[in-house]
Every structure is written in C-alpha cells, then in structure tokens.
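Below is one structure, written out as structure tokens, with a few remarks after it.
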Amino acid sequence: MKVERRTRIGLRVVALVYLALLLGIPVGLVFYRTFEHGLSAFWDSITTPAAIHAFWLTIEIAAIAVPLNAIFGVLTAIALVRGRFRGKTVVEAIIDLPFAVSPVVIGLSLILVYGNSGWLGTWLVDNGIQIIFAVPGMVLATIFVSLPFVVREVEPVLREIGDEQEQAAATLGANPRQTFLRITLPALRWGIAYGVVLSTARAIGEFGAVSVVSGKISGQTETLTLLVEKRFQNFDLAGAYAASALLAVIALATLLAMTLIKPRKEHT
C-alpha cells in the first residue's frame, strides 16, 4: 500500500512539474511582463484603436462561427448516430479533418477556392463579393478549424440516451419537430454547451488559417492573435504581452466555463 501511495504521489508530482514547465511558468511570465510597468501601461496597450478593433473583430468572428457550428454539429451528430446512409465513414473522416490538417493548409485551400484566381474567384469578383482578405474569409477559416467540437461532444450523449424516449413520443402523436425540441434537445444541452465552449476557445485562439486568409490589414482584418504577432515583430514587446494577457484571460474564462459545465454533463 505504501509503495502504491508513493507511486501515485510521484506521478502527481511529475504531472504537476510538467504542467508547470509547459504552461504555468510561460503564462505566469506573460502576466508578469504585462503588468511589470503597472496597470496604466497595460490599459494604454489594450485601448489603442488597433487593439480595440482586434478585440471586437475576434469576438465578432467567434459570434458568427460558433453558433453556425453548433447548429451544424447537432444536426450532423443526429444524422451520424440515428441515420443509416452510404458514405457515413467519409462524413466521419471529413468531420475530423481539421484535427489532421494544418490550419495553414486550410487557409491556403480557401484561397485556392475563393481567391481572385481560385475556382470561384472570378464569379465572386464579377459580383462584387470579397471573401479572401476580408472578414467572410476569416469566418470561413474559423468555422473550418472549430468544426468537429460540437459534433464529437454530442455524438456520445446521443448514443448514451438511446432513442427509446423519442420512439415513445412518436407513438403518443408527437411530430419530429416536437420530439426534437421537447425530448432530444433538452437531453443534449450539456453536450452542446461543452462543445460550444471548446469551439469558442478554438475560434478565439485561431491563428494559422486566419493569418493566411486575412491579409493582416490593420484596423480591418486583424484579430487579437494577429495583433500579438504584429506587435512582437515590431519589437513592441509590452503591447504584445498586453494582447497576449487579454487572450489568456479569455482562455482562463473558457477553462472556468468548461470546469463548471463538465460535472453537470457527467451527471446527465
């Protein structure tokens, strides 16, 4: 028993040291560098016109991409779990594609499709529609990279609850819409919530794909992650630390939301 206890303690110490080296110390250093010159310097860095625009653009992109992925994710999960159709394996692979493909490749693929010389580029230009180097392209890139999260969180919940209640509702005269709104959707609420939190974190922190399709136009297509890179390359280290700290605060809020949701999810 003592050996097992020592082993458990040793594993915990190793895990904590690893996390401290990998996450705790770097994040702590970012906050230290951010506030070493006082709160006023930090406030001045995050209230510049470029920083304010980058913050709200980041929120705007996430506010568009996450709800769309939530709707698509729920419908796709239901189709994969409840439905029987040819090509299900292909759909499963496509859902997981953002996990396997580099975000930079995703951005390049969008340029090849929607760019001025892409497959749809000529038609888009002729109709005055700009996707690449504009907010729509950034939204598409964000949707793509955060696509799998809601699907993969809702799928196991659907399998766990089964379809007995849905069948019972159908025998009592409920139509598919009533069954979905009153039976299926309430049972999925915590799976959806957890998937939305993960999608939000991914959308806000996305860099690679958005960097490729944005054009990095200051005051127009510059998100917080791109602002951090720009300030760092311009040797504005204090400004880069301040923007990084703002992103870290958003990430910590997301982590807190995940922690609050997870126990409720596990008891559903």
Side-chain angles (χ1 to χ4, degrees), residues 50 52-80 87 90-155 192 194-230 243 247 250-251 254:
I52 293 173
H53 180 272
F55 173 79
W56 286 113
L57 181 60
T58 302
I59 299 301
E60 177 186 349
I61 291 173
I64 297 172
V66 172
L68 290 176
N69 272 343
I71 296 171
F72 173 81
V74 172
L75 297 178
T76 303
I78 292 174
L80 292 174
V90 176
V91 175
E92 293 273 6
I94 292 174
I95 294 299
D96 289 332
L97 192 61
F99 289 143
V101 178
S102 168
V104 175
V105 176
I106 294 172
L108 178 60
S109 301
L110 291 174
I111 290 178
L112 294 176
V113 175
Y114 299 105
N116 292 339
S117 58
W119 293 350
L120 302 177
T122 303
W123 182 88
L124 292 171
V125 171
D126 292 342
N127 289 272
I129 302 173
Q130 185 175 359
I131 301 296
I132 303 302
F133 306 139
V135 174
M138 301 170 71
V139 171
L140 286 175
T142 304
I143 289 173
F144 196 103
V145 298
S146 58
L147 177 69
F149 293 103
V150 174
V151 179
R152 294 314 182 201
E153 288 299 323
V154 171
E155 269 189 301
I192 296 171
Y194 200 51
V196 165
V197 169
L198 292 173
S199 295
T200 302
R202 187 70 177 87
I204 290 175
E206 173 54 27
F207 175 79
V210 169
S211 176
V212 174
V213 302
S214 68
K216 302 179 182 178
I217 305 171
S218 181
Q220 296 183 35
T221 61
E222 198 171 61
T223 61
L224 274 175
T225 53
L226 300 181
L227 181 66
V228 172
E229 182 203 28
K230 177 182 176 181
L247 280 170
I250 297 173
T254 303

Using every non-hydrogen atom in the two residues, find where [X] and [Y] come nearest and quote the distance to one decimal.
{"X": "Val213", "Y": "Gly137", "result": "CG2-O, 3.6 Å"}
{"X": "Gly205", "Y": "Thr225", "result": "O-CG2, 3.7 Å"}
{"X": "Leu108", "Y": "Val212", "result": "N-CG1, 3.8 Å"}
{"X": "Ile106", "Y": "Val145", "result": "CD1-CG1, 3.7 Å"}
{"X": "Ser211", "Y": "Lys216", "result": "OG-CE, 3.0 Å"}
{"X": "Leu110", "Y": "Ile132", "result": "O-CD1, 3.6 Å"}

For [X], side chain to side chain donor-acceptor pair (under 3.5 Å) partners two or more places apart:
{"X": "Ser218", "value": "Lys230"}
{"X": "Thr200", "value": "none"}
{"X": "Glu222", "value": "none"}
{"X": "Thr221", "value": "none"}

**Request:** Verify side-chain hydrogen bond (donor to acceptor under 3.5 Å, both in side chains) between Asn69 and Ser199, making sure each step is shown before the conclusion.
**Result:** CA-CA 8 Å; Asn69 272 343; Ser199 295; 5.1 Å; no
Residue set satisfying salt bridge (charged side-chain N to carboxylate O under 4.0 Å, His left out) with Arg152, at least two apart, ordered chain then number -> Glu92, Asp96, Glu155
Sequence neighbours excluded, the answer for salt bridge (charged side-chain N to carboxylate O under 4.0 Å, His left out) partners of Glu60 is none
Any heavy-atom pair between the side chains of [Y] and [X] that's under 4.5 Å?
{"X": "Ile250", "Y": "Phe55", "result": "yes"}
{"X": "Thr223", "Y": "Val210", "result": "yes"}
{"X": "Val151", "Y": "Leu147", "result": "no"}

With Glu153 as partner, the option from Leu198, Ile192, Val74 fulfilling side-chain contact (heavy atoms from CB on, under 4.5 Å) is Leu198
Sorted by chain and residue number, the side chain to side chain contact (heavy atoms under 4.5 Å, CB included) partners of Leu97 (sequence neighbours excluded) come out as Val101, Phe144
Those residues at least two apart in sequence (or on a different chain) that pass side chain to side chain contact (heavy atoms under 4.5 Å, CB included) with Pro67 are none
From [X] [atom1] over to [Y] [atom2], what is the distance, rounded to the nearest 0.5 angstrom?
{"X": "Asn116", "Y": "Ile111", "atom1": "CG", "atom2": "CD1", "result": "10.0 Å"}
{"X": "Leu68", "Y": "Leu140", "atom1": "CG", "atom2": "CG", "result": "9.5 Å"}
{"X": "Thr58", "Y": "Leu247", "atom1": "OG1", "atom2": "CG", "result": "7.0 Å"}

Residues pairing under side chain to side chain donor-acceptor pair (under 3.5 Å) where one sits in residues 125-145, two or more places apart or in two chains, turn out to be none
So the ring pair (Phe, Tyr, Trp, His ring centres under 6.0 Å) pairs with at least one residue in residues 99-128 (sequence neighbours excluded) are Phe99-Phe149
Sorted by chain and number, sequence neighbours left out, ring pair (Phe, Tyr, Trp, His ring centres under 6.0 Å) with Phe72 holds for none
For residues 197-215, the salt bridge (charged side-chain N to carboxylate O under 4.0 Å, His left out) pairs (sequence neighbours left out) are Arg202-Glu206
